[in-house]
Amino acid sequence: IHYNFIAVDGADDISTASGIQRGTPPQESVQEFRVINTDYSTEFGRATAGIVNIITKSGTNAVHGSLYDYLRNNKMDAVSILSVPGFNVLRQNQFGGAIGGPILKDRTFIFANYEGQRRTESPTYNSVVLQNVGPVDGTGPNTINSVKVNVFGLPAENLFVMRDSNSDNGIVRLDQNFGSSNLYARYIINDGRLTNQSPLNNGFDLPSAFKNNNIRDQSLAGGLTTVISSSWVNELRMQYAHRTFDFPVVSTQPHLEVANTFAVGVNRGNPDIYRESRFELVDNVTHNWSNHTISFGFNFDRVGTYESF
């Protein structure tokens, strides 16, 4: 049971380990989304708060496409007061394209969308770290680096490191109209390559506590909606999803922490490796009877996980 339940085309998109959403499709591929925060039916019974269902686009009889790009860098931004003095870098480029259209008019449609991000930036730190880190040679009285070097015999902290957040995301969707029924199948992939990430709180962790993060999340889903009669409708959905989440350390230094102020070294409270596989099969039947609507069905959701700290 999670606080929120997030689905893509009705298929479960929640990570079992964290309770938050897995990879989601690019925004350009979203047709609509529905949010329910009260009085939802029992088919959404695994959440105690909000329900969000994201519906992806399908192709139409007309060919439509789009290209887009979003650029941001430190030349156009104000300097953060939490940046290392003289070291304020930000280069972000988010780009993509989408196209959809018919394969067979009125019957078969296709839609595809790719989106990439290339982002490099200098990390930020809280004011206590910036004022007390000290020179990297460990000199200076009672600084973080002098204590690390002279008391514990550990390497000094070098705040001049770069952080990368690069990703490639895509979706391909096929729709088939059979007249009294509609079939769709879609594949989504999210591939992320992040370096020097803060495992706890940004600004709290120093570089020796950073971790790299490699993510690959894939989902293959399909659904068949059939109008059996004027009062009976059946909806069948299936999903197979696999998530790879690697979170390797960038140093092997022991963990040292000043509570609520800063931390250095490896925090073993975060997994180094996480794997998740999911198979989901759902069937819902809806019957309209006079002024009443009756629904029943089942949801089989098998999740296998592996993690290592």
Side-chain angles (χ1 to χ4, degrees), residues 17-18 70-94 116-168 191-216 244-274 307-309:
S18 61
Y70 173 76
L71 176 65
R72 182 183 173 194
N73 61 43
N74 53 274
K75 300 296 183 181
M76 298 182 289
D77 285 14
V79 176
S80 172
I81 61 173
L82 299 180
S83 295
V84 178
F87 187 56
N88 181 72
V89 178
L90 173 61
R91 295 189 296 271
Q92 178 179 349
N93 190 22
Q94 190 170 344
Q117 175 178 278
R118 303 295 181 264
R119 180 184 175 104
T120 299
E121 63 185 315
S122 53
T124 56
Y125 306 92
N126 64 48
S127 58
V128 174
V129 171
L130 294 176
Q131 294 168 11
N132 296 278
V133 64
V136 294
D137 60 3
T139 59
N142 301 320
T143 64
I144 295 172
N145 279 336
S146 67
V147 172
K148 284 195 67 180
V149 173
N150 301 316
V151 176
F152 295 102
L154 297 171
E157 295 289 340
N158 177 18
L159 304 187
F160 294 86
V161 299
M162 297 297 291
R163 172 177 292 166
D164 293 331
S165 298
N166 300 327
S167 63
D168 294 287
D191 188 272
R193 303 164 304 282
L194 296 78
T195 63
N196 290 321
Q197 301 296 304
S198 177
L200 292 177
N201 298 301
N202 194 32
F204 178 86
D205 293 313
L206 274 71
S208 64
F210 288 169
K211 285 190 166 187
N212 296 329
N213 191 193
N214 299 310
I215 307 169
R216 173 162 287 190
T244 299
F245 187 96
D246 292 336
F247 210 26
V249 299
V250 300
S251 80
T252 57
Q253 297 182 31
H255 184 72
L256 303 173
E257 181 176 332
V258 176
N260 301 317
T261 307
F262 68 87
V264 301
V266 179
N267 184 337
R268 289 301 178 185
N270 306 104
D272 292 332
I273 300 172
Y274 179 74
E307 54 190 316
S308 176
F309 289 82

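Everything numeric here is computed off the predicted structure, so don't read it as measured data. Worth knowing before you read on, the calculation uses all heavy atoms, side chains too, and leaves out hydrogens, waters and symmetry mates.
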Partners of D246 by side chain to side chain contact (heavy atoms under 4.5 Å, CB included), sequence neighbours excluded?
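With neighbours one apart ignored, the set is N214, T244, P248, I273, R275.
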
Applying side chain to side chain contact (heavy atoms under 4.5 Å, CB included), name anything that partners S167, two or more places apart in sequence or on another chain.
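Here the qualifying residues are Q117, N169.
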
Any chance CD1 of I81 has more than 12 other-residue heavy atoms, nucleotides or ligands included, within less than 6.0 Å?
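No, the 6.0 Å shell around CD1 holds no more than 12 heavy atoms from other groups.
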
Please tell me if the side chains of [X] and [Y] come closer than 4.5 Å, counting only heavy atoms from C-beta onward.
X	Y	answer
V147	N142	no
P123	V161	yes
Y125	S198	no

Looking at every heavy atom in both [X] and [Y], which two are closest together, and how far apart are they?
X	Y	answer
L159	V133	CD1-CG1, 4.0 Å
L154	P254	CD2-CD, 3.9 Å
I144	L206	CG2-CD2, 4.2 Å
F210	D205	CE2-O, 3.5 Å
V249	K211	CG1-CE, 3.5 Å
L130	S83	CD1-O, 3.8 Å

Does S122 have any side chain to side chain donor-acceptor pair (under 3.5 Å) partners at least two apart in sequence or in another chain, and if so, which?
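So S122 forms no side chain to side chain donor-acceptor pair (under 3.5 Å) with any residue.
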
Among all residues two or more places apart in sequence or in another chain, which pass the side chain to side chain donor-acceptor pair (under 3.5 Å) test with E121?
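By the side chain to side chain donor-acceptor pair (under 3.5 Å) rule, E121 matches R119.
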
Can you list everything that forms a ring-ring contact (aromatic ring centres under 6.0 Å, His included) with F247? Sequence neighbours excluded, please.
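Checked F247 against ring-ring contact (aromatic ring centres under 6.0 Å, His included); matches are F245.
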
Could you state the interatomic distance from [atom1] ([X]) to [atom2] ([Y]), rounded to the nearest 0.5 Å?
X	Y	atom1	atom2	answer
N73	L90	CG	CG	7.0 Å
S80	N74	OG	CG	11.5 Å
N126	Q131	CG	CD	9.0 Å

Suppose we screen for salt bridge (charged side-chain N to carboxylate O under 4.0 Å, His left out). Which residues come up paired with D77, at least two apart in sequence or across chains?
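Expected list: R72.
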
List for me each residue that meets salt bridge (charged side-chain N to carboxylate O under 4.0 Å, His left out) alongside D168, sequence neighbours excluded, and say none if there are none.
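Scan of D168 (salt bridge (charged side-chain N to carboxylate O under 4.0 Å, His left out), adjacent residues dropped) gives R118, R193.
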
Under 3.5 Å, side chain of D272 to main-chain N/O of S308, donor-acceptor pair present?
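No.
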
Donor-acceptor pair, distance only, cut-off 3.5 Å: does the side chain of N145 make one with the backbone of A156?
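Absent.
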
Pairs involving residues 148-167, ordered by first then second residue, that meet ring-ring contact (aromatic ring centres under 6.0 Å, His included) (sequence neighbours left out)
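Only F87-F160 qualify under ring-ring contact (aromatic ring centres under 6.0 Å, His included).
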
Scan for salt bridge (charged side-chain N to carboxylate O under 4.0 Å, His left out) pairs involving [range], sequence neighbours excluded, and state none if there are none.
range	answer
residues 130-147	none
residues 146-158	K148-E157
residues 81-94	none

Listing, residues 256-266 side-chain donor-acceptor contacts under 3.5 Å, not counting sequence neighbours, or none:
from	atom 1	to	atom 2	distance (Å)
E257	OE1	H255	NE2	2.9
T261	OG1	A259	O	3.1

Does the side chain of T120 pick up a donor-acceptor pair with the side chain of D164 at under 3.5 Å?
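The criterion, which ignores hydrogens and geometry beyond distance, is satisfied for D164 and T120.
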
